[in-house]
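Heads up: the structure comes next, in structure tokens.
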There are 2 protein chains.
Amino acid sequence: MRYAEVSKAERIRIYDVARVAGVSVATASKALNDTGRMTEATRMRVKQTAAALGFRPNAMARALTRQRSFTVGLLTNDTYGRFTLPVMAGINEALVDQGVSVFLCGIEDDATLARTHVDAMLDKQVDGIIATGKRIDRRLPVDLSNLPVPVVYAFTQGPEDAVTLVSDDDQGARAAISHLLALGRRRLVHVTGPESFASAQNRAKAFRDLAGEGAPILHGDWSEAWGHAAVARLWAEAGVFDAVFCGNDQIARGVVDALRERGLVVPRDVAVIGFDNWEIVSAATRPPLTTIDMNLKELGREAGRLILELAEGKTVEPGVRTLPCRLVMRQSCGGATGAVRAEGEALQEV
Amino acid sequence: MRYAEVSKAERIRIYDVARVAGVSVATASKALNDTGRMTEATRMRVKQTAAALGFRPNAMARALTRQRSFTVGLLTNDTYGRFTLPVMAGINEALVDQGVSVFLCGIEDDATLARTHVDAMLDKQVDGIIATGKRIDRRLPVDLSNLPVPVVYAFTQGPEDAVTLVSDDDQGARAAISHLLALGRRRLVHVTGPESFASAQNRAKAFRDLAGEGAPILHGDWSEAWGHAAVARLWAEAGVFDAVFCGNDQIARGVVDALRERGLVVPRDVAVIGFDNWEIVSAATRPPLTTIDMNLKELGREAGRLILELAEGKTVEPGVRTLPCRLVMRQSCGGATGAVRAEGEALQEV
DNA sequence: TTGAAAGCGCTAACAC
DNA sequence: GTGTTAGCGCTTTCAA
């Protein structure tokens, strides 16, 4: 194994840089960190020899004195899920160019495992912890208050006085419904997930406000199967409708398929709009779904920014921060896009 | 912010433990690490006071002396994808109870970003790096040979003399095809992804071997749309067929849907089998897909184990290690399961 | 402007 | 058996 031979013996330390540059370690350190005062010439010389030697400071040694490790922990109970993935990507994006690395800790729903991970992170002197989950109205199975490091909650519920980031269900839902209304649809129905989910409640409330008291709201689970079933029920019970606002993309896909099987044309006869913009579902639906994107990556970026500020000792106003969603137009509602591309939009390889 | 007050001032060091236990730091260290020799009484006393004081060793300080950080880096270019997620989960699982933490580094396909991440990991003295990707026959956009730490490649291509883990496409494909044959199907066709993918090639080769020279193989992209299109083509050109082996679950779903639209009943008229076991696709298909699971989590676990061994200085035989796939029976092929549950199997909330 | 020296918290030789 | 001492690689007073 090659790696064994080029081991740490070769790795050059600040001591080497100092020696070659003809200064003391102290001066070398200051030169490289742009601290202290010295002639610009000395600073330059040190920097150049450092570069020439390929010097990279040992982050652990540095962390030991600076009391700052430039690492943060990311705790999630959604190892497989679609929500934390974009969030993680955003976090990483925000932190990588600050030289901060992220410890990934998947904890499923296991409190013991969670505790283990948190302890491990603390032992490793993380500068902060970002907690994220798959549900906005549930807490992770571990208490993160009173830790010796700051915590930011993203897409999971935190304590009252914590810094928490969530996407704006209300605004997202309003965007969806307004879109349907703007397209001239007037007989709306809402097919969504279990009432026990805050997301379902918030979106349903927005629907109630905008679509009126009489507009039907059907709660079920978050699956395609429920989308099918809901259409069957609407068929049997409800009056005519020309638009369906769905609680997520899976339900929307079920609805679209069921509608087609009944001979209705989407979007001509019925416009259907989803929620989540989960590409594997929304782009594969025929026709592709117009839907609401929660901007989860941006949410992650924001979480990264905030944990950094906290780690640097800055004050961050606690409370829940709500980030806006965004309408993604494809073809299931007609409108601008729908008119142009008929069917068979190229699916991206996912 | 609470955390500011309980800061490191409170964090107790081994020095405190030693003092309270009435021994020297050296003895305390040895007692806690089960090294050195001393009366069992002393060791016990130290351990107990450590526990009583809630002592947690500072991992950075320890790493500095031991030349071992108990962290590893995970490099992936598949931040959104379905492949690395289970792999990551497995890695984490294998490492967490060894006290090893994982740095997550998403690099997309950006060579510069990759380099940045690798440097950051090296600076942080990782004990090893696991490289993983979304495609078994492509390299990450960064050269990981000649690093001062060991590297294991999982689900991505590595250099000749590296330790590489991949799933067994051939065996997986054979399992799928054998299953169809065992169910009495004799007129098989294979609908799969682009020929440029090694996975597509390997699976097609297995198909050729087992299904015979005459059995049709259709290459397209990895999408549902291609599944639809392929059925249209088979309808027009090919002779009768009673089973379709699909290159992935998305294609399979497209095939199943297209078949149903043409009035054929799956699995009665045609058995369809997928590949990947991506639940959101395979479980939502009607009927749910029988498919091949690549055991990616186990692959991750194995990668974790191997990187640990390497980090500990043990020798690991280089070369490609192939891990077996597993048949997951649902209803799209009939057989045991299909006979019992007809349709509308409850979809799990994903 | 520069450098000597004292740590950061822990481990590991080597004495006693 | 237990303690003294010397680091790990870096930063940071403080003195020169």
Side-chain angles (χ1 to χ4, degrees), chain A residues 7-47 49-50 53-71 99 122-127 148, chain B residues 7-47 49-50 53-71 99 122-127 148:
Chain A
S7 65
K8 63 238 164 201
E10 328 271 303
R11 184 130 189 170
I12 61 143
R13 298 140 309 171
I14 198 171
Y15 172 82
D16 303 308
V17 177
R19 188 167 39 73
V20 174
V23 295
S24 72
V25 248
T27 308
S29 173
K30 282 179 245 168
L32 295 172
N33 291 302
D34 284 320
T35 58
R37 60 170 103 269
M38 67 192 66
T39 52
E40 201 48 33
T42 319
R43 200 182 290 281
M44 267 338 221
R45 184 156 38 90
V46 174
K47 283 190 174 179
T49 53
L53 295 176
F55 169 70
R56 308 240 20 161
N58 180 324
M60 313 216 92
R62 176 187 295 214
L64 202 54
T65 43
R66 295 235 288 219
Q67 305 288 13
R68 183 120 154 56
S69 66
F70 288 88
T71 62
L122 259 21
D123 291 348
K124 280 166 181 142
Q125 314 293 117
V126 291
D127 297 332
Chain B
S7 64
K8 62 239 166 200
E10 329 271 303
R11 185 129 189 170
I12 61 141
R13 298 140 307 171
I14 197 171
Y15 171 81
D16 302 309
V17 176
R19 188 168 38 74
V20 173
V23 295
S24 72
V25 236
T27 308
S29 173
K30 282 178 246 167
L32 295 172
N33 292 301
D34 285 317
T35 57
R37 61 170 101 268
M38 67 192 66
T39 52
E40 200 49 32
T42 317
R43 200 182 290 281
M44 267 338 221
R45 184 155 40 88
V46 174
K47 283 190 172 176
T49 54
L53 294 175
F55 168 71
R56 309 244 15 162
N58 180 324
M60 314 217 92
R62 175 186 296 213
L64 203 54
T65 42
R66 294 235 288 219
Q67 305 288 13
R68 183 120 154 56
S69 66
F70 289 88
T71 62
L122 258 21
D123 291 348
K124 283 176 178 131
Q125 313 294 120
V126 292
D127 297 333

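A note on names: the letters A, B, ... follow the listed sequences, proteins ahead of strands, and every chain is numbered from 1.
Across C/dT11, D/dT12, C/dC10, the shortest atom-to-atom separation from the side chain of B/F55 is found for C/dC10. Distances were taken from every side-chain heavy atom of B/A26 (C-beta onward) to each of C/dA13, D/dG9, D/dT2; the shortest belongs to C/dA13. With distances taken from any side-chain atom of A/R13 to the nucleotides C/dA4, C/dC10, D/dG9, the minimum falls on D/dG9. Checked against D/dG9, C/dT1, D/dC10, the side chain of B/Q67 finds its nearest nucleotide in D/dG9. The side chain of A/N58 has D/dC10 as its nearest neighbour among D/dC10, C/dT11, C/dG3.
Between the C1' atom of C/dG9 and the CG atom of B/L53 lies a distance of 16 Å, rounded to the nearest Å. Summarising the geometry, the separation between CZ on A/R45 and P on C/dT1 is reported as 14 Å, rounded to the nearest angstrom. When the P atom of C/dC10 is taken as reference, atom CZ of B/R19 falls 13 Å away, rounded to whole Å. The nearest whole Å value for the distance from the CE atom in B/M60 to the P atom in C/dG9 is 13 Å. Summarising the geometry, the separation between CZ on B/R62 and C1' on C/dG9 is reported as 11 Å, rounded to the nearest angstrom. Regarding A/R66, its CZ atom lies at a distance of 16 Å from the P atom of C/dG9, rounded to whole Å. Separating the CD atom of B/Q125 from the P atom of D/dC10 is a distance of 9 Å, rounded to the nearest angstrom. A/L32 places its CG atom 14 Å from the P atom of C/dT2, with the value rounded to the nearest Å.
Ion pairing between a basic and an acidic side chain is recognised when a charged N comes within 4.0 Å of a carboxylate O; B/R11 and A/D123 show such pairing.
Taking only side-chain nitrogens and oxygens, B/S29 comes nearer than 4.0 Å to OP1 or OP2 of C/dT11. Dashed line: the shortest gap from a side-chain N or O of B/T65 to OP1 or OP2 of C/dC10 is not under 4.0 Å. In this structure, B/N33 reaches the C/dT11 phosphate: one of its side-chain N or O atoms is under 4.0 Å from OP1 or OP2. Between A/T27 and the phosphate of C/dG3, there is a side-chain N or O to OP1/OP2 separation shorter than 4.0 Å. Put simply, A/T39 has a side-chain N or O that comes within less than 4.0 Å of OP1 or OP2 on C/dT2.
How far NZ of B/K124 is from CG of B/D127: 14.5 Å, rounded to the nearest 0.5 Å. For the atom pair CG of B/L64 and CE of B/M60, the computed distance is 9.0 Å after rounding to the nearest 0.5 Å. Distance check: B/M44 CE to B/M38 CE gives 12.5 Å after rounding to the nearest 0.5 Å. Atom CG of residue A/N58 and atom CD1 of residue A/I12 lie 12.0 Å apart, to the nearest 0.5 angstrom.
Comparing B/A61 and B/R37 against DNA chain D, the residue whose closest nucleotide sits nearer the 5' end is B/R37. Each of B/L64 and B/K30 lies near DNA chain C, and the nucleotide nearest B/L64 is the one positioned closer to the 5' end.
Between B/V23 and B/K30, every side-chain heavy-atom pair lies at or beyond the 4.5 Å cut-off.
Using a 4.0 Å heavy-atom distance criterion, B/T35 is classed as making no nucleic acid contact.
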